Amino acid sequence: MLVMFCAGGVGLRASALPLREAARGSVLIGCSAGSSDIADPETAAMIVREFDCFTADNEFMPKFMVDDEGRYTWEIPDRLANFARDHGMPFYGHMLVWQHETRAWLFEDKDGKPLPREQALKNLRDYITTVVHHFRGRVKAWAVVNEALSDDGDTYLRDTPARRAIGDDFIARAFEYAHAADPTVPLYYNDYNIELPYKRAKTLRLLREVRAEGLRVDAVGIQGHWLIGGPAPEVISDAIREFHEAGFEVLITELDVDVLPRTTSGADLQSVDEGPNPYPNGLPDEVQQQLAQRYGEIFEAILRPPGVSMITFWGPHDGRSWLNDFPVRRRTNYPLLFDRELRPKPAHAVVSEILAKHRASALDR
Ligand code: 9MR
């Protein structure tokens, strides 16, 4: 189903170009969404009008690709990949290996104990090979491994079922199998808080260890689940610069800005918080303006150094944001550029203008 739209769509202020038009190829600008979003004509039209790349937020993970008996179910993942293809939008494969939204049998026996290494390696290779083969030609790049690094100070890797069954080299083996399945597709590592120096260093170690085995890893995905109050713009720019100078393309893969009070940063789904729900009936203007200003400084920070090829917002609009339930359940959050009625918020015009300015300066170089 092709979605038609006009540039001056409903709700757009005449001054603010759709994000994809403002960027026009200087950097891919996308959003994540699910099958329910692309099935809704208004949401689909907004996605196609505003964005020129696409990521499945949930339904491209093992839990949605294969069942508990190892049978593959392609209907919904195909629908998402074909939506992107039919609208000429590069589609990012999110993702192959993560400790959430997966199938236990990949790495554990029926008692939840780690499988023998060889069996777990076979399951990992069979899964990655089957999925990468099925989507060959429809995926712009694969997030091979997501969130393998520990948040705890000096601890390197997170304790996960894949690591318990295979060992620390499950990461390298996943990149090896993805490349063997499709040598043409770019591969990246994806994680949150890796702009922060302590986790940035771990990420560089991981990326270099994979490359040291002669394996392909093209890029790093900085998720970008950020707050009104941080991280500082220079932390973002420094991280992009350091990854770029180390020889890795940089993707901002899951950008949103939490406007609600919280005590934790990042995206560790196990960290649940308590906190107030201060704006159940709408965002006050002064917070709306803070959000616009914060997105402005974030986009200036992202685009200041070379190296970023894609920026994806984590969700099409506020009503579909995971932050309505994380880290505190059942709150009303406002982290994106479009409100629950798909109208652009003040932050949209700020980002559109910065994208247009960045494109113009890129053309002048
Ligand atoms: O936004 C996603 C939410 O709808 C899912 O319930 C959750 C668990 O699958 O994952 C959310 O997205 C995560 C992404 O896939 C990886 N980085 C962290 C994101 C937030 O948890």
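Each ligand, and each atom within it, is numbered from 1 in the order the structure gives. Everything numeric in this text was worked out from a predicted model, so none of it was measured.
Using a cutoff of 4.0 Å between basic side-chain nitrogens and carboxylate oxygens, Arg173 and Glu176 are scored as salt-bridged.
Hydrophobic clustering (side-chain heavy atoms under 4.5 Å, transitive across Ile, Leu, Val, Met, Phe, Trp, Tyr) keeps Ile228 apart from Leu196.
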Measure from every N or O atom of ligand 1 to the protein's N or O atoms and keep only the pairs below 3.5 Å, writing each with atom names and distance to 0.1 Å.
| unit_1 | atom_1 | unit_2 | atom_2 | d |
| --- | --- | --- | --- | --- |
| ligand 1 | 1 (O) | Trp314 | NE1 | 2.9 |
| ligand 1 | 9 (O) | Asn58 | OD1 | 2.9 |
| ligand 1 | 9 (O) | Glu101 | OE2 | 2.7 |
| ligand 1 | 12 (O) | Trp314 | NE1 | 3.2 |
| ligand 1 | 15 (O) | His94 | NE2 | 2.9 |
| ligand 1 | 17 (N) | Glu147 | OE2 | 2.8 |
| ligand 1 | 17 (N) | Gln223 | OE1 | 3.2 |
| ligand 1 | 17 (N) | Gln223 | NE2 | 3.3 |
| ligand 1 | 17 (N) | Glu254 | OE1 | 2.7 |
| ligand 1 | 17 (N) | Glu254 | OE2 | 3.2 |

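Under the 6.0 Å cut-off for aromatic ring centres, Phe60 and Phe91 qualify, their centroids lying closer than that.
Using cut-offs of 30° and 60° on the angle between ring planes, the pair His87 and Phe83 is tilted.
Between the side chains of Tyr189 and Glu147, no donor N or O sits under 3.5 Å from an acceptor N or O.
With sequence neighbours excluded, the residues that form a side chain to side chain donor-acceptor pair (under 3.5 Å) with Asn82 are Arg85, Arg138.
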